[in-house]
There are 2 protein chains.
Amino acid sequence: MSGAKSMSMELPLDQILRGECVETMRTLPSGSVDCVFADPPYNLQLRGELRRPDDSLVDGVDDDWDKFSDLQEYDRFTRAWLTEARRVLHKDGTIWVIGSYHNIFRIGAILQELGFWILNDIVWRKSNPMPNFRGRRFTNAHETLIWAARSEDSRYRFNYQAMKALNDDVQMRSDWYLPLCTGNERLRNEHGLKLHPTQKPESLLHRVLLASTTVDDVVLDPFTGTGTTPAMARRLRRRFIGIERHPDYVEAAMSRVARETPLADDAVVTTQDKREAPRVPFGSLVERGLLPVGTVLCDKKQRVSATVSPDGTLVSGAKRGSIHKLGAQLTNAPSCNGWTFWHFERNGEFLPLDVLRQESLEQAKTTASMAKAAAAG
Amino acid sequence: MSGAKSMSMELPLDQILRGECVETMRTLPSGSVDCVFADPPYNLQLRGELRRPDDSLVDGVDDDWDKFSDLQEYDRFTRAWLTEARRVLHKDGTIWVIGSYHNIFRIGAILQELGFWILNDIVWRKSNPMPNFRGRRFTNAHETLIWAARSEDSRYRFNYQAMKALNDDVQMRSDWYLPLCTGNERLRNEHGLKLHPTQKPESLLHRVLLASTTVDDVVLDPFTGTGTTPAMARRLRRRFIGIERHPDYVEAAMSRVARETPLADDAVVTTQDKREAPRVPFGSLVERGLLPVGTVLCDKKQRVSATVSPDGTLVSGAKRGSIHKLGAQLTNAPSCNGWTFWHFERNGEFLPLDVLRQESLEQAKTTASMAKAAAAG
DNA sequence: TGACGTACTGAATCTGTGA
DNA sequence: TTCACAGATTCAGTACGTC
């Protein structure tokens with residue numbers, strides 16, 4: 001593994017090179033890095049300003065580096081840096097690229113055209129995304145990472161057991177649930193303003209590097225920014241080469257890296273994921289047909305009743321609302337737990353909705369353990 | 001909305017047309033469908049299924065086939081059917097395409113090149129994915145849907161409130177957690193084997209159709225397969241046009257559709273978006289005496305106040321304007337929703353103007369249904 | 001010290017209608 | 001086509017001040 005290591009004496013290791021990414025990569029020897037992590041401009045194409053419902057202004061990404069005249073120019077740029085990245089990558093190396101729907105399809109298509117072999121597309125589900133303020137689309141709550149080998153016959157590294165251990169001993173899936181980079185982790189300038197508009201969380205790079213590299217592997221980040229990749233590489237005792245155009249970012253990243261202490265030889269990495277609570281929206285039971293649309297529900301004493309709508313609301317006469325709201329409204333109560341208030345009929349018996357929720361959770365659990373057993377056996 | 005409806009007399013509605021998708025779409029008039037849902041072949045390995053735009057079969061390239069030419073064939077095929085889909089789509093219509101990392105980047109890139117405007121990429125997280133048996137990659141636990149409008153300036157439909165209701169009254173996110181199609185829902189042949197390798201779950205189509213179409217909208221599915229789209233369209237009282245090449249699937253899908261009972265008129269209604277509610281001019285409330293001229297209104301915290309004029313404007317000192325304009329002016333805000341900003345007193349309580357508007361709409365609804373009842377009886 | 005309330009923020013392609 | 005204007009719209013956090 002890590003065939004790139006033999007060449008490492010020629011490489012500018014553990015440095016962040018100031019310069020344009022394509023021309024700087026040209027100075028690196030072919031096949032010299034084990035892994036590339038790239039967070040290129042997304043080509044967001046934001047138009048006007050956007051305000052929250054409270055009229056505060058959203059601080060959008062309006063930096064020059066994210067401006068491209070059209071799709072063709074973005075494609076040219078993408079093809080150029082991916083071509084160099086592929087040259088620099090060891091034959092058994094892998095590349096990670098992160099993006100959103102604005103650019104990820106360009107990137108994926110060009111990766112395939114250049115001969116990269118896609119291994120997974122990974123979904124970073126954000127625990128705390130920015131909401132959609134105008135109610136005109138689904139909340140954009142994820143970003144996509146593509147993980148690809150240099151070619152179809154690359155004998156790439158994947159630390160299967162480490163990923164499984166990181167995920168409570170079930171196989172790591174292609175959807176990762178991680179919070180945004182906020183709070184103390186976010187680098188700020190002297191005015192307390194964020195230093196970089198798109199700083200990635202350390203947890204994301206931690207998982208990426210832990211999955212696809214080993215100690216002393218060389219990781220190249222052609223769009224280093226504030227240096228999350230170098231910082232995590234140093235912490236996990238990988239070597240890094242950063243490339244960054246803006247001198248301020250180079251400086252900030254290098255001092256950030258200097259603050260990192262590499263883990264000790266015997267340090268066992270057991271970072272726990274922030275686990276997701278198994279919330280079951282009532283609507284999902286309706287969608288999945290566990291409770292047919294049009295079913296009539298009533299309270300235990302059958303004093304009030306309501307009908308299930310396709311969107312998971314209940315209707316009673318002119319009143320419509322969630323299972324909780326309508327229950328409260330019909331009983332003139334300040335609040336109501338719809339799961340225990342509303343009952344449905346099954347085999348001549350009236351059962352609370354909560355029974356369905358339990359069954360749905362039970363079902364999910366069974367499926368998970370079956371998957372686990374299948375994977376183990 | 002549903003501008004496509006006016007053309008519906010010429011359309012083969014609620015049918016599944018047997019034929020190749022491109023040439024069959026060519027028989028449909030331009031701008032005639034409100035929504036397209038497409039689950040195209042994922043390909044890249046299933047080369048036997050590939051056809052050129054002229055529907056001729058691609059030569060069987062075997063051992064030493066060239067991947068690049070294979071990609072190109074897939075792109076040609078994709079461009080051909082997406083071009084026809086775009087022609088058939090109404091100018092305000094939207095398209096959904098589902099795929100995996102094998103093909104979704106080709107599809108997304110071509111969608112953008114054809115002028116579609118991506119609204120969201122949606123991640124279908126599978127509650128019960130197939131585990132990765134080799135342990136060489138992350139468990140492929142999701143598929144991706146792209147939701148796109150026909151063009152950047154399409155005034156597309158998004159049933160925001162219905163989606164919010166379906167998700168326990170928080171905005172629906174771009175990641176959906178749904179089980180695979182299994183059990184009774186899965187169509188099987190006489191030997192108990194699954195009829196189709198990639199039958200999609202009904203819950204997925206339920207959400208798709210509920211989000212982006214309304215009753216009587218026309219939905220086109222150019223790769224109908226076992227007919228999940230037609231079945232859900234019928235259940236939710238949308239119209240459908242299916243296209244499917246294999247006669248066995250056409251037959252299975254049509255008999256499946258026949259088993260569906262459309263929801264009743266009042267059962268199919270979902271939570272309405274406020275934008276679609278009939279507009280109530282503030283002046284009409286004043287006219288009808290629901291709010292006497294001279295009433296003093298104030299904001300919730302009683303920092304500013306204004307008096308109701310006979311023409312429905314508000315006056316505060318030397319300033320005069322609509323409920324929205326004056327609210328914005330007095331708070332130095334760029335805009336203001338006067339219905340929720342201004343409050344009036346009733347029984348010692350301060351209520352937003354919106355309460356009056358709701359009451360007026362409620363009243364109108366009651367009157368309308370009484371008139372209907374009177375006419376019927 | 002702790003409970004509570006207010007302010008702020010995050011890769012965002014973010015309105016619809018009628019004159 | 002452009003302009004004006006009505007009016008619709010937010011979730012999960014962190015940080016900090018007050019009581």
Side-chain angles (χ1 to χ4, degrees), chain A residues 39-63 65-68 71 74 98-104 124 126-144 179-186 188 192-194 196-201 225 274 277, chain B residues 1 92 112 116-121 148-149 152-158 160-161 164 167-174 273-277 279-283 312 321-328 333-342 353-354 357:
Chain A
D39 181 11
Y42 286 10
N43 190 24
L44 283 189
Q45 306 167 71
L46 305 179
R47 287 176 293 194
E49 61 175 27
L50 177 64
R51 286 175 181 277
R52 299 186 175 83
D54 64 3
D55 279 328
S56 65
L57 199 59
V58 173
D59 183 16
V61 178
D62 56 357
D63 305 64
W65 49 254
D66 198 41
K67 301 251 194 305
F68 296 85
L71 269 188
Y74 187 79
I98 183 167
S100 64
Y101 66 83
H102 309 85
N103 69 328
I104 201 68
W124 168 28
K126 302 176 183 182
S127 59
N128 47 351
M130 191 187 305
N132 183 296
F133 296 119
R134 311 309 290 265
R136 295 296 294 136
R137 303 181 178 197
F138 297 95
T139 305
N140 198 353
H142 74 276
E143 293 188 26
T144 301
L180 296 174
C181 177
T182 58
N184 276 337
E185 191 185 317
R186 191 100 196 193
R188 298 176 193 281
L193 300 173
K194 59 187 174 192
H196 193 283
T198 70
Q199 186 181 337
K200 294 295 173 285
K274 196 166 177 179
Chain B
M1 59 230 36
D92 292 331
Q112 290 177 308
F116 286 100
W117 190 245
I118 298 182
L119 299 168
N120 280 112
D121 57 335
E152 185 176 349
D153 55 0
S154 295
R155 289 173 357 194
Y156 60 90
R157 167 174 284 274
F158 176 55
Y160 174 75
Q161 291 295 350
K164 194 172 167 178
N167 195 39
D168 277 356
D169 277 333
V170 291
Q171 292 190 334
M172 185 70 81
R173 299 169 35 122
S174 55
D273 277 40
K274 274 199 181 170
R275 291 180 179 95
E276 290 188 80
R279 211 176 72 84
V280 179
F282 176 66
S322 71
I323 54 173
H324 315 292
K325 271 281 152 71
L326 196 71
S335 70
C336 169
N337 184 342
W339 292 107
T340 50
F341 179 78
W342 294 107
L353 290 181
D354 207 40
R357 179 168 61 162

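We name chains A, B, ... by the order of the sequence lines, and we start the count at 1 in each one.
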Side chain of [X] - closest among [options]:
X: A:Asn128; options: D:dT10, D:dA12, C:dT9; result: D:dA12
X: A:Thr198; options: C:dA11, D:dG13, D:dC5; result: C:dA11
X: B:Arg155; options: D:dA8, C:dT17, C:dG10; result: C:dT17
X: A:Arg134; options: D:dT10, D:dT9, C:dG16; result: D:dT9
X: B:His324; options: D:dG7, C:dA11, C:dT13; result: D:dG7
X: A:Thr182; options: D:dT14, C:dT15, C:dT13; result: D:dT14
X: B:Tyr160; options: D:dA6, D:dT9, C:dA11; result: D:dT9
X: A:Pro131; options: C:dT13, C:dA11, D:dC11; result: D:dC11
X: A:Arg137; options: C:dC14, C:dG16, D:dA6; result: C:dC14
X: B:Asn337; options: D:dG7, C:dG10, C:dA11; result: D:dG7

Would you say [X]'s side chain and [Y]'s backbone share a donor-acceptor pair under 3.5 angstrom?
X: A:Gln45; Y: A:Asn43; value: yes
X: B:Asn120; Y: A:Phe138; value: yes
X: A:Tyr101; Y: A:Asn140; value: no
X: B:Asp273; Y: B:Arg275; value: no
X: B:Ser174; Y: A:Thr139; value: yes
X: A:Asp55; Y: B:Pro334; value: no
X: B:Trp339; Y: B:Arg357; value: no
X: A:Arg186; Y: A:Cys181; value: yes
X: A:Lys200; Y: A:Thr198; value: yes
X: B:Asp92; Y: B:Arg155; value: yes

Check: Are B:His324 and B:Ser322 close enough that a side-chain donor and a side-chain acceptor fall under 3.5 Å?
Finding: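 The criterion, which ignores hydrogens and geometry beyond distance, is not satisfied for B:Ser322 and B:His324.
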Phosphate OP1/OP2 of [N]: any [X] side-chain N/O under 4.0 Å:
X: B:Gln161; N: D:dT9; value: yes
X: A:Arg136; N: C:dG16; value: yes
X: B:Arg357; N: D:dA8; value: yes
X: A:Ser56; N: C:dC8; value: no
X: A:Arg186; N: C:dG10; value: no
X: B:Lys325; N: D:dC5; value: yes

Span that lies between the [atom1] atom of [M] and that of [N], in whole angstrom:
N: D:dC5; M: C:dA12; atom1: P; answer: 32 Å
N: C:dT9; M: D:dT10; atom1: C1'; answer: 12 Å
N: C:dG10; M: D:dA8; atom1: P; answer: 29 Å
N: D:dG7; M: C:dT13; atom1: C1'; answer: 23 Å

Rounded to the Å, how far apart are [X] [atom1] and [N] [atom2]?
X: B:Lys274; N: D:dG7; atom1: NZ; atom2: P; answer: 11 Å
X: A:Leu193; N: C:dG10; atom1: CG; atom2: P; answer: 9 Å
X: A:Asn184; N: D:dA15; atom1: CG; atom2: C1'; answer: 10 Å
X: A:Lys126; N: D:dC11; atom1: NZ; atom2: P; answer: 17 Å
X: A:Asn132; N: C:dA11; atom1: CG; atom2: C1'; answer: 14 Å
X: B:Phe158; N: C:dT13; atom1: CZ; atom2: P; answer: 12 Å
X: A:Asp54; N: C:dG10; atom1: CG; atom2: P; answer: 14 Å
X: A:Phe133; N: D:dC11; atom1: CZ; atom2: P; answer: 10 Å

Notebook entry, point to check: Between the side-chain atoms of A:Arg52 and the base atoms of C:dG10, is any donor-acceptor pair under 3.5 Å?
Noted result: yes
Item checked: Verify stack between B:Trp117 ring and C:dT13 base, 5.5 Å, 30 degrees ->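 One would call B:Trp117 stacked on the C:dT13 base.
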Which is true for [X] with a 4.0 Å heavy-atom rule: it touches a base, it touches only sugar-phosphate, or it touches nothing?
X: A:Asp39; value: base
X: A:Cys181; value: nothing
X: A:Val58; value: base
X: A:Pro129; value: base
X: B:Ile118; value: base
X: A:Trp65; value: base
X: A:Ser100; value: nothing
X: A:Lys200; value: base
X: A:Thr139; value: nothing
X: A:Pro201; value: nothing

Check: For D:dT9, is chi within 90° of 0 (syn) or not (anti)?
Finding: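 Because its glycosidic torsion lies more than 90° from 0, D:dT9 adopts the anti conformation.
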Checklist line | Close side-chain approach of A:His142 to B:Asp121, heavy-atom, < 4.5 Å | finding: yes
Checklist line | Whichever of A:Gly135 and B:Arg173 has its nearest DNA chain D nucleotide further upstream toward 5' | finding: A:Gly135
Check: Can you tell me which stems DNA chain C forms when a stem means 3 or more consecutive Watson-Crick or G-U pairs under 3.5 Å?
Finding: C:2-10 with D:11-19, C:15-19 with D:2-6
Item checked: A:Arg136 charged N/C atom sitting above B:Tyr156 aromatic ring, 6.0 Å / 45° -> yes
Check: Of all of residues 42-51 of chain A, which get a heavy atom below 4.0 angstrom from DNA chain D, listed by number?
Finding: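 Correct list: empty, so none.
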Margin query: So, using ring pair (Phe, Tyr, Trp, His ring centres under 6.0 Å) as the criterion, who are the partners of A:Trp65 when residues are at least two apart?
Written below: A:His196
